[in-house]
Protein chains: 2
Amino acid sequence: MKDHIKNMAEVLKSLGDEKRLKIIKILASNIDEAFCVSDIAQQLGISQPATSQHIKVLKNVGILEENRRGFRVFYTINSDVLAEYKKDIDELFKKAFQRCQYNFSCDKCPYNNKYQ
Amino acid sequence: MKDHIKNMAEVLKSLGDEKRLKIIKILASNIDEAFCVSDIAQQLGISQPATSQHIKVLKNVGILEENRRGFRVFYTINSDVLAEYKKDIDELFKKAFQRCQYNFSCDKCPYNNKYQ
DNA sequence: TAAGTGTATAAGTATTATCTTATACAGATC
DNA sequence: GATCTGTATAAGATAATACTTATACACTTA
C-alpha cells in the first residue's frame with residue numbers, strides 16, 4: 001500500500017474543517033431525512049451552494065450518501081465507511097505513530113512500507 | 001465547551017496533510033534525535049524552510065516539541081498530547097458521529113452542547 | 001405544459017496554504 | 001571576533017479552498 005498515508009491525509013483533511021464536522025454531527029444526531037441541504041445551510045450560516053460543496057467533499061470520500069426525495073435531497077452518513085476510517089485512524093496512531101516495537105529492526109517490521 | 005468542534009477541526013486539519021503525517025511517522029519510527037530538520041526535509045523532498053513550516057503547524061497544536069542541540073534542532077513527538085488527541089477523536093466518533101442514544105431527546109443528552 | 005421548489009454546477013473573488021529563495025538568527029568552532 | 005552549520009522567519013509566487021451570486025437541472029404540482 002504505497003499511498004496509504006496519502007489516503008489517510010485525504011480523509012483527515014476532509015474531516016479537518018469545522019463546517020464539515022458540523023454537517024456530520026447534524027446528520028448523525030438527528031433522525032434520517034430530518035434536514036435537507038437548505039436546512040443544513042441555514043444551521044451552518046452559509047449559502048446553499050457552499051453547503052453543497054462541503055457535502056461534495058464528504059461524499060467524495062464516501063462518508064455521505066445521497067438520497068433524493070422529489071426535488072429535495074437528503075444525505076445520510078455511511079456508517080460503514082466512517083467506521084472503516086475510524087479503524088484506519090486507530091491503526092495509524094497505533095502503528096505509524098507509535099514507537100517501534102521491533103527495536104528499529106525495520107526489516108522485521110510488517111509496517112515498514114505501509115506508512116511510507 | 002463551545003469550540004470543541006473547532007479545536008477538533010484544527011487538530012484533524014494539522015494531521016490532514018501527507019507531508020505532516022510523514023514527519024510524524026519519521027519521528028515516531030526512529031530513535032530520538034535520529035534526524036534533524038534538514039534530514040527530514042531531504043526525506044520529504046522539499047526545502048528546509050518548507051519543512052520548518054510544516055513542523056510549526058504540528059508544534060502549534062502541541063504534537064511536536066523542540067529540542068535544540070547546538071545549532072541543530074531535533075523534534076520529538078509529545079506522546080501525551082498525541083494520545084489526548086486520539087482520545088478526542090475516539091470521543092468525536094463515538095459521541096458526535098454516532099446515532100443518538102437518547103432517542104433524540106436532546107435535553108437528556110449530555111453531549112448536546114459539546115459538539116455544536 | 002408552465003410554474004414552483006430545492007440542489008448542483010459555473011464563474012468569479014477572497015482567503016488561506018504551500019512552496020520557493022533570500023536572509024536573519026542561534027550556537028559551535030577556528 | 002570571524003566564520004561555519006543548521007534553523008526560523010520574511011517575502012513573494014502559485015495553487016488550493018471556501019465562499020459568493022447566477023444559472024442550469026431535477027422533480028413536483030397546478
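FYI, side chains are in, hydrogens and waters are out, and symmetry mates aren't considered; it's all heavy atoms of this structure. None of these values were measured; they are calculated from a predicted model. Numbered from 1 within each chain, the chains take letters A, B, ... in sequence-line order.
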5'-most by nearest nucleotide on DNA chain D - A/R69 or A/T51: A/T51
Measure from the side chain of B/K56, starting at C-beta and using heavy atoms only, and say which of D/dT9, C/dT18, D/dC27 lies closest. D/dT9
Please report the distance, rounded to the nearest Å, between CZ in A/F71 and C1' in C/dA3. 12 Å
Quick one: closest heavy-atom pair of B/S14 and B/I63, and the distance? OG-CD1, 4.3 Å
Nearest-Å distance for atom pair CG/P, residues A/L58 and C/dA8: 13 Å
For A/S52 and A/K13, take the nucleotide of DNA chain C holding the closest heavy atom to each; which residue's nucleotide lies nearer the 5' end? A/S52
Whole angstrom value for the distance that separates C1' of C/dG6 from CD1 of A/I55: 12 Å
Grab the CD-C1' distance between A/Q48 and D/dT20 for me, whole Å please. 12 Å
Rounding to an integer number of Å, can you tell me how far B/D17 CG sits from C/dA17 C1'? 9 Å
Taking B/C36's backbone N and O only, do any of them form a donor-acceptor pair with B/D39's side chain (distance below 3.5 Å, no angle check)? yes
Reading DNA chain C from 5' onward, which residue's closest nucleotide shows up sooner: B/S47 or A/Y75? A/Y75
Residues within residues 35-46 of chain A bordering DNA chain D, heavy-atom distance below 4.0 Å: none
A side-chain contact here means heavy atoms from C-beta on lying under 4.5 Å apart; do A/T76 and A/L27 qualify? no
Quick one: B/E33 CD to D/dT7 C1', roughly how many Å, whole number? 15 Å
Is there a side-chain contact between B/T51 and B/K19 (heavy atoms, below 4.5 Å)? no
How many whole angstroms separate atom CG of B/N67 from atom C1' of D/dG6? 15 Å
So A/E18 and A/K22, salt bridge (charged side-chain N to carboxylate O under 4.0 Å, His left out) or not? Walk me through it. CA-CA 6 Å; A/E18 192 183 352; A/K22 282 184 179 172; 3.4 Å; yes
Please determine whether any donor N or O and acceptor N or O are separated by less than 3.5 Å between the side chain of B/Q53 and the base of C/dA17. no
Would B/E65 and B/K59 pass as an ion pair if we require N to O under 4.0 Å? no
Return the 5'-most residue of the pair B/F74, A/R20 with respect to DNA chain D, ranking by each residue's nearest nucleotide. B/F74
Counting heavy atoms from C-beta on, name the nucleotide in C/dG27, D/dT28, C/dT9 closest to the side chain of A/P49. C/dT9
Short side-chain to backbone donor-acceptor contact, A/Y85 and A/V61, under 3.5 Å: yes
Separation of atom NE2 in B/H54 from atom C1' in C/dT16, rounded to whole Å: 14 Å
